[in-house]
Colleague: 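Take a look at the following structure, please.
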Amino acid sequence: MSISSATGWPAISVADAYARLTAAGSPFETALRPVRGQLLKTWAKGPQTMRDVLGRVREHGDRTFIVLEDERVSYGDFHKAVAQLAAAFVEMGVEPGDRVAVTMRNLPEWPVTVCAAIAIGAIATPLNAWWSREELVYGLKDSGAKVAIFDPERLERVAGDLAGLPDLDHVMVARGEGAAPLETLIGPVAGWASLPDADLPPIDALGAEMDPDSAATLFYTSGTTGKPKGAVGSHRAFTSNILTQQFVAARAFLRRGETMPARPANAPQRATLLAVPLFHVTGFSAILTPLMFNGDKLVLMRRFDAGQALALIERERISTAGGVPAIAWQLVDHPDREKYDLSSLERVAYGGAPCPPELSRRVREVWPHAAPSAGWGMTETCAVFANNTAEDYLAKPDSCGPPTPLGEWKVMRPDGTEAPTGEVGELWVRGCTVAIEYWNNPAATEETFGGGWLKTGDLARLDEEGFAYIVDRAKDMLIRGGENIYCIEVENLLAEHPAVDEAALIGLPHRTLGEEPGAIVRLREGGAADEAELRAFVASRLAGFKVPVRVFFAGEPLPRNANGKLIKAELRERFAQSEPA
Ligand code: AMP
């Protein structure tokens with residue numbers, strides 16, 4: 001480990017660093033609390049519910065919160081819009097526990113609608129804006145959303161289907177027509193400054209208690225059954241990320257034998273470039289929630305473009321960039337990178353997909369002043385469960401780090417016994433930030449969360465310091481950029497095509513995106529369909545990122561094991577390296 005011999009790092013073991021940082025009296029003190037029938041570690045201090053976070057948001061007053069092109073929203077004005085919309089939701093009859101679906105691109109209205117819903121005890125239900133019409137309708141129906149708020153593009157996609165959704169009482173649109181305009185309730189973004197500075201509606205008057213472990217969000221994730229499942233996240237899951245992020249920074253200092261310096265009051269405002277969607281937990285939980293508690297600036301992009309991202313880093317003095325590895329790759333690889341002043345970068349952070357070890361080295365080489373950081377998490381862990389950063393990450397670039405002090409993990413053998421250090425098995429995790437359940441799906445909840453441990457479907461090994469190395473996935477899924485594609489969903493759809501007898505989806509390696517979907521199809525006797533037709537068939541029903549970039553045609557039955565399961569390893573070996581036709 002070259003770092004330790006050159007600089008004397010590490011000054012303290014990971015275990016000792018954890019013990020020191022979480023001791024009684026420390027800002028990171030932990031407390032055991034009963035959470036869903038288990039005694040779990042929680043942060044003893046800090047915000048407990050998202051209403052606490054919104055209280056802090058209001059105090060940030062005139063600081064800039066959100067920047068989107070030439071729109072700039074201050075914290076105070078954002079809070080006014082949230083309070084106004086929360087009151088309007090109450091007027092409309094939204095009650096604690098009701099689902100409020102939000103589906104739009106990254107606009108300032110996204111966090112306003114989501115925070116307003118959560119503030120009154122409703123369950124914010126962000127739907128994937130890249131979803132097709134069918135997928136969006138499924139999400140609205142499955143969640144039983146009472147209110148749905150769209151941007152014009154998403155509204156147009158599902159407008160013809162909304163009348164058939166019996167639970168849906170209110171449909172609104174931001175920045176468009178075709179439904180009740182959101183602007184009639186809160187005005188346009190530029191007018192939020194003139195809204196009254198009101199308190200949030202009182203939560204006790206709504207007849208609900210805001211328990212930190214009550215439901216706040218419903219984030220959809222795909223599943224092995226092929227249909228997306230809603231993972232219900234608690235307030236605590238999201239508020240915990242605030243201290244977790246500070247803890248990870250403090251841990252890096254302590255490992256160097258230093259104490260994290262307090263940030264001077266007159267230090268420049270920190271800023272994050274948001275290059276990933278808010279509708280995944282990475283955007284909402286790992287980035288937005290801590291950022292708004294801390295009073296940092298969030299810079300949105302209408303659409304990710306690496307060149308524009310570099311220009312924004314310079315213009316807005318961005319301190320944190322990244323999101324998923326695919327974004328970080330595009331920034332370090334960009335031919336115009338050296339034309340910009342990127343000296344404001346302090347952290348290049350990513351996760352949510354395999355992080356190639358080479359990426360950490362590239363980030364360090366290109367921006368020696370910025371700490372690379374890799375996180376591991378799932379929708380079901382409500383984002384960051386483990387994180388590797390700074391010297392630890394450079395020393396172990398293939399690890400996603402140890403879990404945060406709130407998380408525990410173990411590696412399990414197929415026979416249900418725990419694997420010893422170093423042996424690969426399925427990673428099981430538990431902690432207070434793990435999702436409460438899958439919405440309306442007790443069978444899937446039992447299968448995945450039963451016994452008090454979340455079975456991640458990731459194959460990993462742990463080292464003697466408790467760092468995890470994700471080596472593979474037991475679940476049949478691939479990740480393109482940051483978007484998960486469950487193979488069965490695409491395979492089932494391809495099999496519905498009249499010319500298709502059987503289909504398999506595999507990951508084709510891609511340097512920056514990690515993987516891209518490739519389909520292997522065997523046509524029926526006499527069936528005729530070409531690559532373009534099958535790709536168009538998938539595109540007509542599923543989100544664009546799920547459409548196979550290649551379709552290979554097999555002349556013989558696809559290889560299956562004795563149980564009839566496709567042998568993907570064999571297919572990958574045969575097709576994943578093929579040159580494009
Ligand atoms: P999602 O629910 O969309 O956030 O996807 C979660 C899955 O992404 C995990 O179960 C892993 O398979 C994968 N994943 C997340 N973070 C990492 C990481 N740091 N390294 C490898 N795989 C990861």
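Just follow the structure's listing: the first ligand is 1, and inside any ligand the first atom is 1. Computed over heavy atoms, backbone and side chain alike; hydrogens, waters and symmetry mates excluded.
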Colleague: Give the atoms of ligand 1, by number and element, whose distance to some non-hydrogen atom of Arg473 is under 4.0 Å.
Modeller: 12 (O)
Colleague: Nearest to atom 12 (O) of ligand 1, what protein heavy atom do you find, and at what distance?
Modeller: Asp458 OD1, 2.6 Å
Colleague: May I ask which of Gly482, Ala460, Gly352, Ala231 has a heavy atom nearer to atom 8 (O) of ligand 1 than the others do?
Modeller: Gly352
Colleague: Compute whether any side-chain donor of one residue and acceptor of the other, for Asn128 and Glu483, lie under 3.5 angstrom apart.
Modeller: yes
Colleague: Check each atom of ligand 1 against the heavy atoms of Cys355 and keep those under 4.0 Å away; list them by number with element.
Modeller: 19 (N)
Colleague: Contact between Glu483 and ligand 1, counting heavy atoms under 4.0 Å?
Modeller: no
Colleague: Specify the protein heavy atom at minimum distance from atom 1 (P) of ligand 1: its residue, its atom name, and the distance to 0.1 Å.
Modeller: Asn484 ND2, 3.3 Å
Colleague: List the closest protein heavy-atom neighbour of atom 19 (N) of ligand 1: residue, atom name, distance to the nearest 0.1 Å.
Modeller: Gly375 O, 2.9 Å
Colleague: Starting from atom 4 (O) of ligand 1, which protein heavy atom do you reach first, and at what distance in Å?
Modeller: Thr379 N, 3.4 Å
Colleague: Are side-chain N/O atoms of Asn387 and Tyr393 paired as donor and acceptor at under 3.5 Å?
Modeller: no
Colleague: Quiz question: by atom type and distance under 3.5 Å, do the side chains of Thr417 and Asp415 form a donor-acceptor pair?
Modeller: yes
Colleague: Identify whether NZ of Lys or CZ of Arg in Lys455 sits under 6.0 Å from the centre of the six-membered ring of Trp428 and within 45° of that ring's axis.
Modeller: yes
Colleague: So is Gly457 in contact with ligand 1, going by heavy-atom distances below 4.0 Å?
Modeller: no
Colleague: Identify the closest protein heavy atom to atom 10 (O) of ligand 1: which residue and atom is it, and at what distance?
Modeller: Lys475 NZ, 2.6 Å
Colleague: Tell me which protein heavy atom sits closest to atom 6 (C) of ligand 1, plus the residue, atom name and distance to 0.1 Å.
Modeller: Gly377 O, 3.6 Å
Colleague: Do the numbers put Lys227 on top of the ring of Tyr138, so that NZ or CZ is under 6.0 Å from the six-membered ring centre and no more than 45° off the axis?
Modeller: yes
Colleague: How far is atom 18 (C) of ligand 1 from its nearest protein heavy atom, and which residue and atom is that?
Modeller: Ala353 O, 3.3 Å
Colleague: How long is the gap from NZ on Lys41 to OG1 on Thr433, to the nearest 0.5 Å?
Modeller: 13.0 Å
Colleague: Can a cation-pi geometry be assigned to Lys229 and Trp439, taking NZ or CZ under 6.0 Å from the six-membered ring centre and within 45° of the ring axis?
Modeller: no
Colleague: Taking the inter-plane angle between the rings of Phe284 and Phe219 on a 0 to 90° scale, is it parallel (under 30°), tilted (30 to 60°) or perpendicular (over 60°)?
Modeller: tilted
Colleague: Any idea how Phe247 and Trp43 line up, ring-wise: parallel (<30°), tilted (30 to 60°), or perpendicular (>60°)?
Modeller: tilted
Colleague: What is the closest protein heavy atom to atom 13 (C) of ligand 1, and at what distance does it sit?
Modeller: Ile479 CD1, 3.5 Å
